[in-house]
Number of protein chains: 2
Amino acid sequence: MLLSHTSQYAIQSLVYIALHGDDGPLLSREIAARLGVPSAYLAKILQSLCKGGLLISHRGRLGGFSLSESPDKMSLMRVINITEGAGFTKECLLGLKVCSDETACPMHPIWKPIKERIMQMMESQNLTTVADAVREGKYRLTDLPGSLCPEMETVK
Amino acid sequence: MLLSHTSQYAIQSLVYIALHGDDGPLLSREIAARLGVPSAYLAKILQSLCKGGLLISHRGRLGGFSLSESPDKMSLMRVINITEGAGFTKECLLGLKVCSDETACPMHPIWKPIKERIMQMMESQNLTTVADAVREGKYRLTDLPGSLCPEMETVK
DNA sequence: TCAAAAGCGGACATAAATATCCTGAGTTCT
DNA sequence: AGAACTCAGGATATTTATGTCCGCTTTTGA
């Protein structure tokens, strides 16, 4: 509801790369398979994350995608800004064209603090904090059994 | 982002009816014009709100739509349940198939309290509280100038 | 009784998000 | 150099949400 599939796939992929990308680039195809997400579509998303400066792509043999910088420098807000567009932070609950503090919709005073908390969460959470939560073992990234175990057989 | 256009139109319409529906049913066409929303589309939405039990429709001359019960008994959650479907309260931030307290996604512990607050807001706010906020004059329902003034000339 | 008014509901149209396909360009290993 | 591999990116397809159209039924007032 809050995030599009595109954003969800993007976050999942980046966290996956943060977890498993230490010894070289990861294949788009492999990431898609691990996350159980359409491969060709994910390829487009990874492309846009490259343009957005979060990923670096490598072509040819041993190619793939790797993070452009330290994962703890990449907040979820940076990801969302790329995948949802910059308007994300400005939208009104009731969909009014203009809804600022001055000309507010009737939900504004109730919605505003909640929205701020959402933004704060997106700013404070980054690829490392999420990846750590996964590594702890308490939380999952995907539905696929063992999808986060490096010892699982390689995707063909 | 959080709510679809359909839900936004639905809430706006219901509040409009709560504000102006005291002396008889209101026309779908008039509501749409006041809110600046596509008329034929809104008609469908009002229809589904009838099926959902929030509105009563009246055909023929002097027909239109009126609330089925007291506006303070209609929480926004009731509206959203009709327009977004029941899954709304269960969705995961990262889009995982199953994301409960037991098998949680990595965002779960951060997202859960925020989500609960959103639900709480939707439960506690009802057509009367929102309508009152509009009546106070501090907040708007629409972008149309004077859209909430009954003395504005009738929509033809 | 009849015409006008209003919602009903099915069919259709458009737009945006999601998903797929294919060819080309860059890279690496032999 | 050549073969195998991988991303780039344009074209296309599918799905879902949104939006439109029109003939039908119901209701009311002249």
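So that the names make sense, note that chain A is the first sequence line, chain B the second, and so on, each numbered from 1. Owing to the predicted nature of the structure, the values given are computational and were not obtained by experimental measurement.
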With the criterion being N/O to N/O and under 3.5 Å, what pairs connect the protein with nucleotides 18-21 of chain D, and how long is each?
| unit_1 | atom_1 | unit_2 | atom_2 | d |
| --- | --- | --- | --- | --- |
| D/dT18 | OP1 | B/His5 | N | 3.1 |
| D/dT18 | OP2 | B/Thr6 | OG1 | 2.8 |
| D/dG19 | OP2 | B/Tyr9 | OH | 3.3 |

Using atom CZ of B/Arg61 as one end and atom C1' of D/dA30 as the other, report the distance to the nearest whole Å. 7 Å

For the backbone of B/Lys73 and the side chain of B/Arg78, can you confirm whether one donor and one acceptor N or O come within less than 3.5 Å of each other? yes

Evaluation steps, side chain to side chain contact (heavy atoms under 4.5 Å, CB included), between A/His108 and A/Asp101: CA-CA 8 Å; A/His108 196 72; A/Asp101 286 349; 2.9 Å; yes

More 5' along DNA chain D: A/Leu62 or B/Leu62, using each one's nearest nucleotide? A/Leu62

Closest non-hydrogen atom pair, A/Ser28 against A/Phe65: CB-CE1, 3.7 Å

Regarding A/Glu84 and A/Ser4, do their side chains bring together a donor and an acceptor under 3.5 Å, going by distance alone? yes

All N/O donor-acceptor pairs, side-chain side in residues 41-64 of chain B, below 3.5 Å, sequence neighbours left out:
| unit_1 | atom_1 | unit_2 | atom_2 | d |
| --- | --- | --- | --- | --- |
| B/Tyr41 | OH | B/Thr6 | OG1 | 2.7 |
| B/Ser48 | OG | B/Ile45 | O | 2.8 |
| B/His58 | NE2 | B/Ser66 | OG | 2.9 |

Transitively linked via ILVMFWY side-chain contacts under 4.5 Å: A/Tyr16 with A/Ile80? yes

Its 5'-most and 3'-most nucleotides having an atom under 4.0 Å from a non-hydrogen atom of chain A, DNA chain C is contacted over C/dT18 to C/dC29

Without decimals, in angstroms, what is the distance between B/Gln8 CD and D/dA17 C1'? 13 Å

Can you measure A/Gln47 atom CD to D/dC7 atom P for me and round it to whole angstrom units? 10 Å

Once you apply a heavy-atom cut-off of 4.0 Å, does B/Leu27 come out as touching a base, just sugar-phosphate, or nothing? sugar-phosphate

Joint hydrophobic cluster, B/Ile118 plus A/Leu2, side-chain heavy atoms closer than 4.5 Å: yes

In whole angstroms, how far is the P atom of D/dC5 from the CG atom of A/Leu26? 18 Å

So, does B/Arg135 use its side chain to make a donor-acceptor pair with the main chain of B/Leu19 at under 3.5 Å? no

Main-chain N/O of B/Val134 paired to B/Arg140 side chain as donor or acceptor, under 3.5 Å: no

Could you state the atom-to-atom distance from NE2 of B/His58 to C1' of D/dT26 in whole Å? 13 Å

Does a side-chain N or O from A/Arg59 land closer than 4.0 Å to OP1 or OP2 of D/dC5, or not? no

